[in-house]
Number of protein chains: 2
Amino acid sequence: MTTARRDTYTPETLLSVAVRVFNERGYDGTSMEHLSKAAGISKSSIYHHVSGKEELLKRAVSRALDGLFAILDEEHARVGRPADRLEHVVRRMVEMLIAELPYVTLLLRVRGNTETERWALDRRRDFDHRVAELLKAAAADGEVRGDVEVRLATRLVFGMINSIVEWYRPDVRGASDREVAEAVVRLVFSGLRHA
Amino acid sequence: MTTARRDTYTPETLLSVAVRVFNERGYDGTSMEHLSKAAGISKSSIYHHVSGKEELLKRAVSRALDGLFAILDEEHARVGRPADRLEHVVRRMVEMLIAELPYVTLLLRVRGNTETERWALDRRRDFDHRVAELLKAAAADGEVRGDVEVRLATRLVFGMINSIVEWYRPDVRGASDREVAEAVVRLVFSGLRHA
DNA sequence: AGAGTAACCGAACGATCGGTCGGTTCAAGG
DNA sequence: CCTTGAACCGACCGATCGTTCGGTTACTCT
């Protein structure tokens, strides 16, 4: 068993700094010089901990994707009426988004310029399809409205949920993750009109 | 009156090419070399038409912002019951988003790295506030539900609308702009449950 | 105290960045 | 036919990109 030798960086602690800067400046807009300033170590020292810029990206988006897929394995997402399972997934997605905010933020901004980015986009598509099937099942059972196409509705609901990364900030005293999740569930299922 | 001397580029036609590449690779991920390849002219020739990379960005986001603000000046957005005015703005935002898709897409992705980007973010905030006030008025009149905070609801509705740029493609035979707008209005006001 | 090594650094690499410059091509107007 | 100027080009600029390398520091273990 190896313990930390001194108060220093690990790939994980370095990652948290990198992800913060990536989200502030964009991945392409962030240079290794920016990262070294933010981390307080020299540019070359970063390569002692990670293989390069792209490994940091891969570690970050992997963490976000693992969190999302884990939701689909939860019991409430697997058993029960489709509409209830959908509600559970929507609620947990919001909570996961907020819990792993910087990592999911980075994931949602990937454009596909590198191999790592294309891999992330593929896994995202897989996840989207899994949720779309849930909505489809709920529609087939007549538990949600059928006058809006399933694919279209899925994309719009995803859009609402994913947009949280654009404005949610944990530091300022606003709504908690549970409160945001509750608001999303209400709007997704009942809309703005009185319930 | 000056007519086009030969079949050549103008700042506007060059802009449409640049915006397409910006959206594919991201603004920071796009080099002038990328633009010159896509436009079919040399890198230095681009500078004959525009002052540089940032002017292309500014022209693009200006066009998107002008389109959005024009919606607020339309009669149906100024007179009538707040909830009806809100519905009109939501519907027109979707149509505008789709009509000016590449320009709005670029606008929604600026991060604030340059002066132009920060200016765009400021104008976006202004627009958001104007719509938030509309929702607030509708809530005060009891026309929409009050159990979800106005600021939160505004952000979520914006999130749903803005997410359209992430998946809508005019070439493939999918929903038309009117159909998407109708779907958004239904989900925003009534949600997934049966109306 | 001395060996071993994780952590770190400054300097420099070739490549590419956004942008400049002097000069060439080519169509319109007199 | 000749001048004019918009359109365009290849070559190049200093700066910065992600990354590498040789060497130094500082901590742990014996």
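Just so it is clear, the structure is predicted and the values come from calculations on it, not from any experiment. To find a chain, count down the sequence lines: A is the first, B the second, and so on, and within it residues start at 1.
Rounded to whole angstrom, the span from the NZ atom of Lys58(A) across to the P atom of dG18(D) amounts to 20 Å. At whole-Å resolution of the value, OH in Tyr27(B) and C1' in dC17(C) are 12 Å apart. What separates CD of Glu33(B) from C1' of dA15(C) is a distance of 12 Å, to the nearest Å. One atom, NZ of Lys37(A), and another, C1' of dT16(D), lie 13 Å apart when rounded to the nearest Å. Here dC9(C) presents its P atom at 10 Å from CD1 of Ile46(A), a figure rounded to the nearest Å. Spacing between atom CG of Asp28(B) and atom C1' of dC17(C) amounts to 12 Å, rounded to whole angstrom units. The nearest whole Å value for the distance from the CG atom in Asn113(A) to the P atom in dT16(C) is 15 Å. The distance between atom CE of Met32(B) and atom P of dC9(D), rounded to the nearest whole Å, is 13 Å.
In this structure, of dG18(D), dC12(D), dG10(C), it is dC12(D) that holds the atom nearest to the side chain of Lys43(B). Distance from the side chain of Ile41(A) is smallest to dC8(C) among dG10(D), dG19(C), dC8(C). Each of dG19(C), dC9(C), dC9(D) was ranked by its minimum atom distance to the side chain of Tyr47(B); first place goes to dG19(C).
With a 4.5 Å cut-off on side-chain heavy atoms, Ser163(A) and Asn162(B) do not count as touching. You'll find the side chain of Leu106(A) stays beyond 4.5 Å of the side chain of Val165(A), heavy atoms only.
Residue Ser44(B) has no polar side-chain atom (N or O) positioned under 4.0 Å from OP1 or OP2 of dC9(D). OP1 or OP2 of dC8(C) lies within a sub-4.0 Å distance of a side-chain N or O belonging to His49(A). Within the structure, a side-chain polar atom (N or O) of Ser31(A) is placed less than 4.0 Å from OP1 or OP2 of dC17(D). Contact annotation: His48(A) does not reach the phosphate of dC9(C) (side-chain N/O to OP1 or OP2, under 4.0 Å).
Partner Arg92(A) forms a side chain to side chain donor-acceptor pair (under 3.5 Å) with one of Glu87(A), Glu74(A), His76(A) and no other, that one being Glu74(A). Residue Tyr27(A) forms a side chain to side chain contact (heavy atoms under 4.5 Å, CB included) with just one option from Arg109(A), Arg111(A), Glu54(A), and that option is Glu54(A).
Counting any heavy atom pair closer than 4.0 Å across all strands shown, Thr30(A) reaches sugar-phosphate atoms only and no base atom.
Checking Ser45(A) against His34(A), the closest nucleotide of DNA chain D that is more toward the 5' end is the one next to His34(A).
Between the side chains of Thr13(A) and Ser16(A), no donor-acceptor pair is found at a separation under 3.5 Å.
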